[in-house]
Number of protein chains: 2
Amino acid sequence: MTTQTAIDNFVNRCRTLGLSVTPQRLAIFKALIDDHSHPRPEDIYKKIKAEHPTISLATIYKTLETFEKHGIVSVVTHLHNTVRYDPITEPHHHVVCVKCNKIIDVIDPSLNTIKVPEHILQGNELLGYSIHFNVICSECRLKETN
Amino acid sequence: MTTQTAIDNFVNRCRTLGLSVTPQRLAIFKALIDDHSHPRPEDIYKKIKAEHPTISLATIYKTLETFEKHGIVSVVTHLHNTVRYDPITEPHHHVVCVKCNKIIDVIDPSLNTIKVPEHILQGNELLGYSIHFNVICSECRLKETN
DNA sequence: TTATTAATTAATAATTGTTATCCAATAATA
DNA sequence: TATTATTGGATAACAATTATTAATTAATAA
Ligand SMILES: [Mn+2]
Ligand SMILES: [Mn+2]
Ligand SMILES: [Zn+2]
Ligand SMILES: [Zn+2]
């Protein structure tokens, strides 16, 4: 998909969702669409400031949250707000509730035999891998306003 | 392994590493060893304050970092310091450098066919899963002081 | 044991990342 | 056009983390 097509899709998507396509939103989307560095809000802010000198960081945060809510962009992990410590040091996996950030262990040896793509091992030292099963947990499902 | 055995191992481990076994360190370790909630430093602080009213939150942070450095405890993700946005909304995976927090996409359909353990689906709504390949990247390996 | 040095802790300040508030500006709708 | 809803900007507030520094404690060598 070309960048222009992606932008057109974005515009249509916003209209369908009832979100107005403001210059700020367009700028933020454009800043992200071809950026594969998984930038922080701050990074996007810096990229945009030249064209939009008056935009505030809070707008970037709010806009990205709106985008994420509607599936226009995604976040790499929902566990980005605070460190979470684990007494288990052996490789294992986790169920993560994206609403309440509850974390449950998944200890299942069959998940430790994944075929690691070769290119990951080129130059990097692999320490291990861990699977995040992203869920809305039963408690949070009950709380949801349907 | 019993809790007492774990504590004994911890004490021996510290001695081997040349870390002194202080009451604070012991208390922090004990607070974590049987806690499977993947607590935040703040949670551990609250648990400990009754017995150790003078301990400071900064000590908790530093001690946990020391423990993690020596493999006594682990962190659920190293990407806990800030949100990272992604223009890709399709399921995919990531290489994460635990030193510099660089994130590289891993798009490999063969990794999207993992057998999800049944119990994860009980009550929870599964949104998807994503694998974090934790590495020390080539750049960071060069920087390391060996 | 005591003196010396190194390591650890506590208190606190500073910084960073994020969210809330409030008002003005803009856009959508009647 | 008038009305209402949405959005954005400025700023303050808050939460998480890190840095600084001095006091305390522990380790080690006379
Ligand atoms: Mn765990
Ligand atoms: Mn990605
Ligand atoms: Zn939940
Ligand atoms: Zn790196």
Side-chain angles (χ1 to χ4, degrees), chain A residues 10-11 13-31 38-46 48-70 72-73 75-85 98-101 103, chain B residues 10-11 13-29 31 38-46 48-70 72-73 75-85 98-101:
Chain A
F10 167 72
V11 172
R13 190 79 187 283
C14 284
R15 289 194 178 133
T16 305
L17 292 164
L19 295 175
S20 40
V21 183
T22 63
Q24 294 84 350
R25 283 181 174 166
L26 202 50
I28 292 167
F29 182 77
K30 281 190 199 167
H38 305 82
R40 302 165 298 152
E42 178 76 31
D43 298 324
I44 294 171
Y45 182 53
K46 283 176 188 156
I48 288 182
K49 248 195 310 200
E51 293 181 73
H52 292 262
T54 70
I55 202 168
S56 89
L57 187 54
T59 298
I60 309 273
Y61 271 93
K62 275 189 290 190
T63 303
L64 288 169
E65 269 166 33
T66 303
F67 286 177
E68 206 253 330
K69 191 173 85 186
H70 291 103
I72 294 169
V73 302
V75 292
V76 176
T77 173
H78 286 86
L79 299 175
H80 51 71
N81 45 342
T82 176
V83 218
R84 302 286 293 263
Y85 281 96
V98 303
K99 297 285 182 191
C100 67
N101 285 3
I103 302 172
Chain B
F10 167 73
V11 171
R13 191 81 188 284
C14 284
R15 287 189 179 137
T16 306
L17 293 164
L19 295 175
S20 40
V21 183
T22 64
Q24 292 85 349
R25 283 181 174 165
L26 202 50
I28 293 167
F29 182 77
H38 305 82
R40 302 165 301 152
E42 180 76 32
D43 299 323
I44 293 171
Y45 181 54
K46 283 176 189 156
I48 288 182
K49 246 194 311 199
E51 294 181 73
H52 291 263
T54 69
I55 202 167
S56 88
L57 188 53
T59 298
I60 310 273
Y61 271 92
K62 274 188 293 189
T63 302
L64 287 169
E65 269 166 33
T66 303
F67 286 176
E68 206 252 330
K69 191 172 85 185
H70 291 101
I72 293 170
V73 303
V75 291
V76 176
T77 173
H78 285 85
L79 299 176
H80 53 70
N81 44 341
T82 176
V83 218
R84 301 287 293 263
Y85 280 95
V98 303
K99 297 284 182 194
C100 67
N101 284 5

Peer 1: Taking the inter-plane angle between the rings of B/Phe67 and B/Phe10 on a 0 to 90° scale, is it parallel (under 30°), tilted (30 to 60°) or perpendicular (over 60°)?
Peer 2: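 Answer is perpendicular, since the angle exceeds 60°.
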
Peer 1: Checking all strands, does B/Thr59 fall into the base, sugar-phosphate, or nothing category for heavy-atom contacts under 4.0 angstrom?
Peer 2: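 B/Thr59: base contact, heavy atoms under 4.0 Å.
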
Peer 1: OH of A/Tyr45 to NE2 of A/His52: how many Å apart, nearest 0.5 Å?
Peer 2: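 Going from the OH atom of A/Tyr45 to the NE2 atom of A/His52 covers 13.0 Å.
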
Peer 1: What's the CD1-C1' distance between A/Ile44 and C/dT18, to the nearest Å?
Peer 2: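 Interatomic distance, CD1 of A/Ile44 to C1' of C/dT18: 15 Å.
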
Peer 1: Base, backbone or nothing for each nucleotide of nucleotides 16-24 of chain D, written B, S, -, heavy atoms under 4.0 angstrom, 5' to 3'?
Peer 2: SBBB-----

Peer 1: Whether B/Ser20 contacts D/dA26 is assessed here as follows: a side-chain N or O lying under 4.0 Å from the phosphate OP1 or OP2. Is that the case?
Peer 2: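 False: B/Ser20 side-chain N/O out of range (4.0 Å or more) of D/dA26 OP1/OP2.
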
Peer 1: Roughly how far, to the nearest 0.5 Å, is CD of B/Glu51 from CD of B/Gln24?
Peer 2: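 With rounding to 0.5 Å, CD (B/Gln24) is 11.5 Å from CD (B/Glu51).
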
Peer 1: Within the structure, does a side-chain N or O atom of B/Gln24 lie under 4.0 Å from either OP1 or OP2 of D/dT25?
Peer 2: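 Checking D/dT25 against B/Gln24, no side-chain N or O comes under 4.0 Å of OP1 or OP2.
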
Peer 1: Select from B/Leu19 and B/Thr54 the residue whose nearest nucleotide in DNA chain C is closer to the 5' end of that strand.
Peer 2: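 This one resolves to B/Leu19.
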
Peer 1: When the distance from OH of A/Tyr45 to C1' of C/dT18 is rounded to whole Å, what number comes out?
Peer 2: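 Distance, rounded to whole Å: 14 Å.
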
Peer 1: Taking five pairs at each end of the helix from C/dT1-D/dA30 to C/dA30-D/dT1, what angle separates the two helix axes (nearest 10°)?
Peer 2: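 The end axes of the helix from C/dT1-D/dA30 to C/dA30-D/dT1 are about 30° apart, to the nearest 10°.
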
Peer 1: A/His78 versus A/Glu68: any side-chain heavy-atom pair under 4.5 Å?
Peer 2: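 Touching, per the 4.5 Å side-chain cut-off.
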
Peer 1: Considering all heavy atoms of both residues, which atom of A/Pro41 and which atom of A/Ile60 are nearest to each other, and what is their separation?
Peer 2: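 Heavy atoms only, the tightest pair is O-CG2, 3.7 Å.
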
